[in-house]
2 protein chains.
Amino acid sequence: MASEQSENYLKNIYKLSSGEGKVTTSSLSDKLQISPASVSEMIKKLAEEGTLTHTPYKGVELTEEGKKLALRIIRKHRLWEMFLVEVLHFRWDEIDDEAERFEHIMSDKMEEKIDHALGHPLTDPHGDPIPTKDGELKCPMSHPMSDVRAGSTVRVVRVSDSNSEMLQYVASIGIALNKEIHVKQKMSFDNSMLVKIDNNEVNISSTIASNIFVENV
Amino acid sequence: MASEQSENYLKNIYKLSSGEGKVTTSSLSDKLQISPASVSEMIKKLAEEGTLTHTPYKGVELTEEGKKLALRIIRKHRLWEMFLVEVLHFRWDEIDDEAERFEHIMSDKMEEKIDHALGHPLTDPHGDPIPTKDGELKCPMSHPMSDVRAGSTVRVVRVSDSNSEMLQYVASIGIALNKEIHVKQKMSFDNSMLVKIDNNEVNISSTIASNIFVENV
DNA sequence: AGTTAAATTTAGGTATACCTAAATTTATTT
DNA sequence: AAATAAATTTAGGTATACCTAAATTTAACT
Ligand SMILES: [Mn+2]
Ligand SMILES: [Mn+2]
Ligand SMILES: [Mn+2]
Ligand SMILES: [Mn+2]
């Protein structure tokens, strides 16, 4: 069994690598808020355990086994987030910290029970896809709302879960998964956009718009 | 915040002390399956932290603060056990290990939500009382079934959760909380008893009988 | 009371996972 | 091509929580 910290490293290496390919000591250090020296040590340990390969001074890459473990943790994290929202009625901005700890102590039996209780959900409360038990992950097509042209109507399929305050704000202006949004106007001076949600007009900053992912409707 | 291991020590000291009063290094060592030397060290640390008082070579006693912490962990453990059974449909013999880990990472907010979702339950799935949030614990009156006289009918109010195999067996012969049991006969040679549950006659060993707690009906 | 036995504590050591500071390697300037 | 800067690794050290073996204290026998 991998330790709790090993699991956190693997999960975050996986996440970084699906964005950038190569994962470096410093990118991990930034993400985990752990000193580069400590990250370097842990990488050596993980390489010995066979969950990743390390080219010194260059970067790391997960092995097949490492990828499987990472996806399993991500699955547990997202299932648990879904459970917190659907069953315990947490808000989507309250769940990440809870899931961050729980993903490591969730037994396979509990994973099973929760998956079943939720009816095998495909995404978590932020719209992130839940990997299958054998590590398959299909990302639904979507693009950031910042790319949407004025005049079009889109449906929200995912909101970045990276900032809990932003999640709370975004919910407060009526944005939720599957909600339809009509883009009325795009401001050229600051790239913000005027949108209509539930018949309310709201201005959305470019930062927010780039964290909301939508599909055309 | 107390560490996970500190919490385990406090919880088990509380449990031992409600049975025996004084808790010794060796009784804790037995219960936690940790060497006496390690227990002795940890006791010193907990005494410094102020959660217990230690009379060297004599034993330990929880302070008010220690007792509060212990009861809080017990509350989380039992609420979580109840949740596993009521919501996720685990069996009562599968839940202790899960709760043993979960009691430490359950936030106060989650404790609240689960308590609410369950309608403020008074006992866990084994009939053990759930302490209130401010540390009150009322033990319902009950006596071991081994003390029941032949001819009387009793209701099950608690089953010792100390052995998961026993829990499974006991369930398999139809015993559950609130179930009525009629004691037909007590065998003098081995102290086993012949009882009637749901119109089935079953023989119950003295060991089992002393782990089932009942009230008169 | 003196000896032996049991319980407890202390001493010395291990593994995990972190840290800062120093050394090394790689990348970027001039 | 050097020199400087940045990234990375190694060295040396900390805290937690465990261990075995040795020392100490308390309890139990003759
Ligand atoms: Mn985590
Ligand atoms: Mn999420
Ligand atoms: Mn525990
Ligand atoms: Mn229980």
Side-chain angles (χ1 to χ4, degrees), chain A residues 1-14 16-17 19-62 66 69-70 73 97 100-101 103-105, chain B residues 1-14 16-17 19-62 66 69-70 73 97 100-101 103-105:
Chain A
M1 271 294 128
S3 74
E4 171 156 342
Q5 275 313 77
S6 298
E7 290 183 346
N8 276 334
Y9 275 81
L10 294 176
K11 187 183 76 166
N12 284 289
I13 290 166
Y14 180 89
L16 285 173
S17 69
E20 304 154 39
K22 265 284 167 46
V23 179
T24 63
T25 300
S26 47
S27 64
L28 251 180
S29 167
D30 279 357
K31 189 143 219 249
L32 296 169
Q33 296 282 78
I34 291 170
S35 75
S38 299
V39 170
S40 190
E41 277 176 337
M42 186 61 124
I43 281 173
K44 207 163 68 180
K45 211 200 71 184
L46 293 171
E48 274 161 20
E49 286 174 8
T51 48
L52 54 77
T53 55
H54 181 213
T55 319
Y57 293 99
K58 294 300 177 185
V60 298
E61 207 168 353
L62 293 180
L69 284 169
I73 304 301
D97 289 348
E100 194 57 52
R101 286 170 285 130
E103 61 192 1
H104 310 290
I105 67 157
Chain B
M1 269 295 127
S3 74
E4 171 156 342
Q5 275 313 78
S6 297
E7 291 184 346
N8 276 334
Y9 275 81
L10 294 176
K11 187 184 75 166
N12 284 290
I13 290 166
Y14 180 90
L16 285 173
S17 70
E20 303 153 41
K22 264 283 166 51
V23 178
T24 63
T25 300
S26 47
S27 64
L28 252 180
S29 167
D30 279 358
K31 189 143 220 248
L32 296 168
Q33 297 283 77
I34 291 170
S35 75
S38 300
V39 169
S40 190
E41 276 176 337
M42 186 61 123
I43 282 173
K44 206 162 67 179
K45 212 199 71 184
L46 293 171
E48 273 160 21
E49 286 174 10
T51 48
L52 54 77
T53 55
H54 181 213
T55 320
Y57 293 100
K58 294 300 177 185
V60 298
E61 208 168 353
L62 293 180
L69 284 168
I73 304 302
D97 289 348
E100 194 56 52
R101 286 172 286 130
E103 60 192 1
H104 310 290
I105 66 158

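Sequence lines set the chain letters: A, B, ... in the order given, protein chains first and strands last, and positions in each chain run from 1.
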Taking every non-hydrogen atom, the tightest pair across A/I13 and A/V23: O-CG2, 3.7 Å
For atom NZ of A/K44 and atom P of C/dA15, their distance in whole Å: 15 Å
Validation row: A/S3, A/H104 side chains within 4.5 angstrom (heavy atoms): no
Side chains of A/L46 and A/V60 in contact at under 4.5 Å (non-hydrogen atoms): no
Distance, rounded to the nearest Å, where B/I43 contributes CD1 and D/dC18 contributes C1': 15 Å
Considering all heavy atoms, the nearest B/Y14-B/A70 contact: CB-CB, 3.6 Å
N/O (side chain, B/K45) to phosphate O (OP1/OP2, D/dA17) under 4.0 Å: yes
From D/dT9, D/dT24, D/dA17, nucleotide with atom closest to B/Y57 side chain: D/dT24
Neighbours of DNA chain C within residues 24-40 of chain B, by heavy-atom distance under 4.0 Å: B/T24, B/T25, B/S26, B/P36, B/A37, B/S40
Atom of A/S6, atom of A/E49 and distance for their closest heavy-atom approach: OG-OE1, 4.4 Å
Atom-to-atom span, CD of B/E7 to P of D/dA17 - whole angstrom: 11 Å
Side chain proximity check, A/L10 to A/I73, heavy atoms < 4.5 angstrom: no
B/E103 and B/E7, any side-chain heavy atoms less than 4.5 Å apart: no
Integer-rounded Å distance: D/dC19 C1' and B/M42 CE: 14 Å
Presence of B/Y9 side-chain N/O under 4.0 Å of D/dC18 phosphate oxygens OP1/OP2: yes
C/dC18 phosphate, OP1 or OP2, under 4.0 Å from A/Q5 side-chain N/O: yes
Rounded interatomic separation in angstrom, taking NZ from A/K22 and P from C/dA27: 11 Å
Between P of C/dA15 and CD of A/E49, the distance in whole Å: 14 Å
Gap between atoms CD and P, on A/E41 and D/dT10 respectively (whole Å): 9 Å
Nucleotide D/dA17, atom P - distance to NE2 of B/H104 in whole Å: 12 Å
Any B/H54 side-chain nitrogen or oxygen under 4.0 Å from OP1 or OP2 of C/dT8: no
Distance test, side-chain N/O of B/K58 to OP1/OP2 of D/dA27, below 4.0 Å: yes
